[in-house]
Every structure is written in structure tokens, then in C-alpha cells.
Amino acid sequence: MARGRKINSNGERSKQLLLEKAVELFSERGYYATKISDIVKAADVTQPTFYLYFKSKESLYNDLNIKFQQGFNEIMSNQNEEVEKGIEGFIQMLEQKLYLLFLYIIENPKLTKIGFFESKQSSCVKTQLTQQFIELVYRHDCDRLFQLQNIDIKIVADSLVGSFERLILTNLLEQKSKPCELARNLVHVFFLLRETHKSGM
């Protein structure tokens, strides 16, 4: 919080406005082409007001990346107390998580462009997402199923994140598919089609 100003004060509104305008400018122009003076002008505040909340353009950019990561982490870490074990419970939970992630992205497209595609931290976000998908497998006791079929869980999780990333660009942000449709199709491609093929053999 900035120097004793209270929440909901004019100061906090100024900070929020700076963040909102920064998202717009960074997503449209990129990090290097966006200047502090551009953000200040768009937010209609003074330059000293900017430095009241942020040490530099980089610190503001990092705050935006942290905000994006927190949105992802809240979705992936949020879980019911009772977890349905087995492949069915895993598939159901995975589809729900993917749906919520897609929904978060469609509600925050400019922040997503920064946090998931353009910033240096974006690779860390994807690596963490891969790990969170792997943890989901273990949480539902499905790791043995992968081992029995000699499938590397990390390769599957990496491939899932790669497909997730691609669908954001080709379908979600282009508004060709709804979040629920993409989540369902992605799960079907990776898991349900394989199960259907096995049962028909």
C-alpha cells in the first residue's frame, strides 16, 4: 500500500488506473515500446504519482505478471476436500481446471498476452502449469496407469500445455470456440479417445 493511503482512496484508484492502462499499452505496443510517460498520460496522473506506487517500468511489468500467475495458481490450487480417485475423477477435474483457465484467459486477454506469451516469465508459467498437471495425476492416483502403459507423465503434461497454448491463439482469442468446448475437446483428445480405442480393441 502506498505511504499510508487507505484502501478505496483516490490514491488506490490511481494505482489501479495505472495498472489498467499499463496492461493496454504493454499488450498493444510491447514492453520496450511502452514508456512510463505513455502510461502516465493514458492514466491521466502525474509522473510522481507513478513513482509513488512503482519503482520503475520493470517493477510495474513484474506486478502484472504476478497478477496473471496468481490467477492461474488460484485455479490450479483450488480443490475440493474430497478427491475422486481414479481416471474418471482425474478426467472430470482436468476438464474443470482447463475450462476455468480458458475462462480466465477470455476474461483477461490483454493480461494473458503479457503473462503467457510475451514476458520473460511466461516460460516459467508454462513450466509451472506442466508441474501442476502432473500433480493432478498423482492427486487422483493415476500415475500407475501411465506407468503400466509405459507413458511418460511429463511428456503428456508438456504436450497438454503446448496444445492449451496453441488453442488459446487459434480458437479462444479468435472466439471460434467457447471455453467449455475447448476444455472438453482437449480432454477427449488426450484421454477419452485413447480409452475408447483401448476398449474397442
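Atoms considered below: every heavy atom in the structure, side chains included; atoms not considered: hydrogens, waters and symmetry mates.
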[X]: what forms a salt bridge (Lys or Arg N to Asp or Glu O under 4.0 Å) with it, not counting sequence neighbours?
{"X": "Glu135", "answer": "none"}
{"X": "Glu165", "answer": "Lys126"}
{"X": "Arg29", "answer": "Asp38"}
{"X": "Lys113", "answer": "Glu118"}

Answer yes or no: does atom CD of Glu28 have more than 12 heavy-atom neighbours from other residues, nucleotides or ligands under 6.0 Å?
yes
Check this for me: Tyr99, atom OH, are more than 12 non-hydrogen atoms of other residues, nucleotides or ligands nearer than 6.0 Å?
no
Does a side-chain N-to-carboxylate-O contact under 4.0 Å join Lys154 and Asp158?
yes
Lys57 charged N/C atom sitting above Tyr31 aromatic ring, 6.0 Å / 45°:
yes
Tabulate below the donor-acceptor pairs under 3.5 Å that side-chain atoms of residues 166-176 make, not counting sequence neighbours, or state none.
| unit_1 | atom_1 | unit_2 | atom_2 | d |
| --- | --- | --- | --- | --- |
| Thr170 | OG1 | Arg166 | O | 3.0 |
| Asn171 | OD1 | Ser177 | OG | 3.2 |

Polar side-chain atom of Thr49 near backbone of Val45 as donor-acceptor pair, under 3.5 Å
no
Side chains of Leu145 and Phe90 in contact at under 4.5 Å (non-hydrogen atoms)
no
Give every residue pair that meets the ring-ring contact (aromatic ring centres under 6.0 Å, His included) criterion with at least one member in residues 135-181, sequence neighbours excluded.
Phe102-Phe164, Phe116-Phe164
